[in-house]
Amino acid sequence: MKILFQKVYLLIILLPILAIGFIPLAPTPTILSSTWQAARLAEARGKYTEAVELYRILLDLQPEKVELWEKVGDLEIEAGQNEDAILAYQSALQKESLSAGGIFTLAGLLQASGSNDQSLPLFQSLTESADLTEEKYPQLVDILRQEGDLASAEKAAEKWFKIFPEDLQAQFTVALLHLPDDPLASLENLLVVAKGDTPLSSSAKTLVDTVSTAVENENLAYSRVIIGQALAGLGEWDIAEKAFEVAVQFSDNYAEAWALLSDAQQHQGKDGSSALARAVSLNPDSDIVLAVQALTWRRAGQPRKALPYYQILANSDPGNPNWLMEIGATLVEAGDLIEALRYYQKATQLAPNNPAAWRALAQFSAANGYDPEDFALPAVDRALALDPEGLETLTTAGYVYLIAGNLIMGEQFLQQALLVDADYPPALLTIAQLYIKKNLFSQARLYLDKAAAQSENPAIAEQAVRLLDRITP
């Protein structure tokens, strides 16, 4: 069809010349001018398929205009023809006329088509580019991190920050990526971001405290473990993995570092068995090694096999309610709700002034159908008395009142939570669920969009996407 269009169009514009019996060796200015005008008009009117064909005709008439191949690729995307766009961009690339933005787009199209072997080298080639737009650099860094290429992600972040030195996100990203290898240099950048007034500032402040402690510690392996745990707490599992790798390079016999390395690998869907086996061989009685073994069994869908490890931990640290709560959560996974309730209650009895224990009991009771008046509401009221402004406590209260059917109170607590942190994933998801319950779908979408876009909590992002699909007509 495209070839037919080109032939017909060429015939139309050449008819006046054929009529007088003369065909020029090169296109006349009139032919070129009319074709350019027609192409631009079609593009301006949003007739992208027609514009593509006209620009292709111009490429036939003026093959030296190699920059048109990128425009053809752009318009093929607008026309919904991604495969043809790939071919057009590849033609521009071969002719060395594809811009950095065009390379980024081509790489994205190839990645979406499953051709990662072709897309990754293109993304990597952009790490030294100074020609990307400001919004493309964070996307490039994220893509390279998702591909597991932290070295290239570092280069891209450094270029981003060099070109846009006032961009706090760029500065924060450079600091994060450099933390495993150069925490002191990262600390300088984190201090700047921490002084700002952006959503990144609170994370930067958390890291400043941790890194300040780490750089003062002469044990380099331990300092990287501290840094890795802080990164894990922020959901930066790939960089945390790098920090734990550096830790075991400094100290190959550091059992806890090996166990945490395994945990970070598992969080990314990797096989952490070798690192965990090394940890167990070094110190099978370590609390961290035992806890990671328990988590590994739970992730494998075998919670019963996790319970003995938690029992050892609870027995060795009888004053710690956290192990009782972990046993409760593991029993829920095993389907033993009666025994789970007993452990959650034991945690509150052991630590009656610990709001986390009361939150856990409240969440468990609300999620598993226990009478709100007897279990969840008294538990959450106790948590609120102990921690009235806590982000997690306010979110838990919102959830409990939602489940109890008191949507007014639920909304009030969730709005309070979002005043503390407008990007907190559990609060975003829960308030969206509340608005869905009230049939306020447009309001629910606002929060679901934010929950789906965040990367701090992938599980919540997936739930948000499913809910968006459910409520979108």
Side chains of Ser262 and Gln266: is there a donor and an acceptor less than 3.5 Å apart?
-> yes
With sequence neighbours left out, what residues match Lys205 under side chain to side chain contact (heavy atoms under 4.5 Å, CB included)?
-> Ala194
Contact check, side chains of Tyr89 and Leu98, non-hydrogen atoms, under 4.5 Å = yes
Pair Phe250 + Tyr222: ring centers closer than 6.0 Å | no
State, without any angle test, whether Arg278 and Asn253 hold a side-chain donor-acceptor pair at a distance under 3.5 Å.
-> yes
Go through the steps to decide whether Arg224 and Asn219 satisfy the test side-chain hydrogen bond (donor to acceptor under 3.5 Å, both in side chains), and finish with yes or no.
-> CA-CA 9 Å; Arg224 294 322 190 272; Asn219 186 329; over 6 Å; no
Can you measure from CH2 (Trp323) to CG (Asp317) and round to the nearest 0.5 angstrom?
-> 8.0 Å
Among side-chain atoms of Tyr137 and Asp167, is any donor-acceptor pair under 3.5 angstrom?
-> no
Is Lys155 salt-bridged to Glu128, going by a charged N under 4.0 Å from an acidic O?
-> no
Parallel, tilted or perpendicular: which describes the rings of Phe364 and Tyr370, with under 30° parallel and over 60° perpendicular?
-> tilted
Cation-aromatic face contact Lys438/Tyr435, 6.0 Å, 45 degrees = no
Decide if atom CD of Gln415 counts as having more than 12 heavy atoms of other residues, nucleotides or ligands within a radius under 6.0 Å.
-> yes
Kindly write out the residues that satisfy salt bridge (Lys or Arg N to Asp or Glu O under 4.0 Å) with Lys71, not counting sequence neighbours, or none if the list is empty.
-> Glu43
Under 3.5 Å side-chain donor-acceptor pair for Gln124 and Asp149 | yes
So does Glu135 have more than 12 non-hydrogen atoms from other groups sitting under 6.0 Å from CD?
-> yes
Strictly by modelled atom types, are Gln118 and Gln111 linked by a side-chain donor-acceptor pair under 3.5 Å?
-> no
Does NZ belonging to Lys159 count more than 12 external heavy atoms closer than 6.0 Å?
-> yes
Going by atom types only, do Tyr310 and Arg298 share a side-chain donor-acceptor pair under 3.5 Å?
-> yes
Regarding Asn116 and Glu147, is there a side-chain donor-to-acceptor distance under 3.5 Å anywhere?
-> yes
Do Glu241 and His267 meet the criterion of a side-chain donor-acceptor pair at a distance under 3.5 Å?
-> no
For Asn315, does the CG atom sit with more than 12 other heavy atoms under 6.0 Å from it, leaving out its own atoms?
-> yes
